[in-house]
Amino acid sequence: MNANKKLRIAVIGGDGTGPEVTREALKVLDAVSKLEGFSFETQDFDFGGERYLRTGETLPVGAVDELRKFDAIFLGAVGHPDVAPGILEKGLLLELRFKMDQYINLRPVKLYPGVSTPLAGKGPQDIDFVVVRENTEDLYCGVGGFLKKNTPDEVATQSAVYTRKGCERCIRWAFEFTRKRNNPKGKKLTLVAKTNVLTFGHDLWWRTFQDVAREFPDVQPDYNHVDACCMWMVKNPEYYDVIVTTNMFGDIITDLGAMIQGGMGVAAGGNINPDAGGTSMYEPMGGSAPKYTGQNVINPIAAIGAMSMLLEHTGFPRAGKRVLDAIQVVTGTKMKSQAAGKMGCGTSEVGDLVVGAL
Ligand code: IPM
Ligand code: MN
């Protein structure tokens, strides 16, 4: 987007600690916008568990059309202890990803300076790769059903749906991203799938990957089965540059990724619709952590990282980089730990420290 234009962000603080970490991300946005000389405006949307409990709806009629008018969406967290599992996930988060066709879920796995990883002998130079997760298909489509439910003869099916269009657009974007990332250690894109067992759906992914790879002779195409990928992520994370994978596998390996980069307090992601006029949504990967609500102990680094990604991908790459650099100064020199309650300072102080480091 044109840097002279006002950046318009829809803000869904959401449930639990979501609003607290969102506040810090917005604080950092405010500071960096002044330093970089651009203006922004935000509009709050009260979607989440509380609203659902009050009104019975996860997303009101017209909400998606309303959100589409913004340059980007910032989402704090959804998940409420009094709402049954699945309702907010499907009715809000997945609904937005699908309806807005945010077909890329971009999840950097980067160990910041000063952050401890459970991997012995590994440091920031070893843990620095990016997962490109397909975000609209696979087991997430909700295709399936029950037969003879609640009887001893019950049958349940849950189908994975893969389309040529769906995997091709994701794979092509991942190749382009790998090219742009331009890793000095070599540009490598690893397809993570399970072609030895999922001989239909992942065969489609495999063939599409081979086809698209021909358009990118400067990127080394690579393949790992998902189980081996879990092994290498722990044993040799430095092996990876960019990973492209299916929705369900991407969900699983990015939780593993979050752990090796220091936990859910650090991991950020973007649900991206890269098409012209598409609206993308950025979020910390962790949940709403209801037990920490209102205590000023939750780690906002993931939310601030999500804001850095929003800026980077919404036409303000210099501001995004500046925020990322500031985060690393703070993790490297100011924070004791990335765990809630053990940071050595409170949620709002972490936001202040990042602003200070800008
Ligand atoms: C994530 C979450 C979601 C997912 C859930 C909450 C539906 O785990 O963003 O990784 O599975 O994609
Ligand atoms: Mn997940």
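Basis for what follows: all heavy atoms, side chains included, without hydrogens, waters or symmetry-related copies. If you're wondering where the values come from, they're calculated on a predicted model, not measured in any experiment. Every number for a ligand or one of its atoms is a count from 1 in the order of the listing.
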message: Donor-acceptor pair, distance only, cut-off 3.5 Å: does the side chain of E20 make one with the backbone of G294?
response: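 The answer is yes, because a donor-acceptor pair under 3.5 Å joins these two groups.
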task: Measure from the side-chain N and O atoms of K188 to the backbone N and O of Y239, and report whether any donor-acceptor pair falls under 3.5 Å.
output: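 Yes; at least one donor-acceptor contact below 3.5 Å.
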message: How far is atom 7 (C) of ligand 1 from the closest protein heavy atom, and which atom is that?
response: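 For this ligand atom, the closest protein heavy atom is E89 CB, 3.9 Å.
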Polar atom proximity, [X] to ligand 1 (N or O, under 3.5 Å):
X    : result
R107 : yes
D251 : yes
Y140 : yes

- request: Using a 4.0 Å heavy-atom threshold (strictly under), name the region of M248 that reaches ligand 1: side chain, backbone, both or neither.
  value: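 It is neither; nothing of M248 touches ligand 1.
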- prompt: So, for T245 and W205, which heavy atoms are closest and what is the spacing to 0.1 Å?
  reply: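 Residues T245 and W205, closest heavy atoms: O-CH2, 3.6 Å.
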message: Tell me whether ligand 1 is touched by K90 - counting only heavy atoms on the residue side and a distance under 4.0 Å.
response: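 False for this residue.
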task: First locate atom CG of D203, then atom OH of Y162, and finally report the distance between them rounded to the nearest 0.5 Å.
output: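 The OH atom of Y162 is 12.0 Å from CG of D203, to the nearest 0.5 Å.
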Q338 and T331: side chain donor to acceptor below 3.5 Å: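 No - no donor-acceptor pair under 3.5 Å links their side chains.
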task: Determine whether the side chains of Y292 and T347 contain a donor N or O and an acceptor N or O closer than 3.5 Å.
output: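 Checked: Y292/T347 side chains show no N/O donor-acceptor pair below 3.5 Å.
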- request: Answer yes or no for D255: is there an N/O/S atom below the 2.8 Å cut-off from the Mn ion (ligand 2)?
  value: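 No.
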- prompt: Just which atoms of ligand 1 are under 4.0 Å from any heavy atom in R97?
  reply: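 Under 4.0 Å from R97, ligand 1 has these atoms: 1 (C), 4 (C), 9 (O), 12 (O).
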- prompt: Which atoms of ligand 1 are found less than 4.0 Å from any heavy atom of R133?
  reply: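 With R133 as reference, the close atoms of ligand 1 come out as 1 (C), 4 (C), 10 (O), 11 (O), 12 (O).
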message: Restricting to N, O or S atoms, which atom of D251 is closest to the Mn ion (ligand 2)?
response: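 Nearest N/O/S atom of D251: OD1.
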- prompt: For the side chain to side chain donor-acceptor pair (under 3.5 Å) test, which of D251, N273, D101, N105 pairs with N135?
  reply: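 That would be N105.
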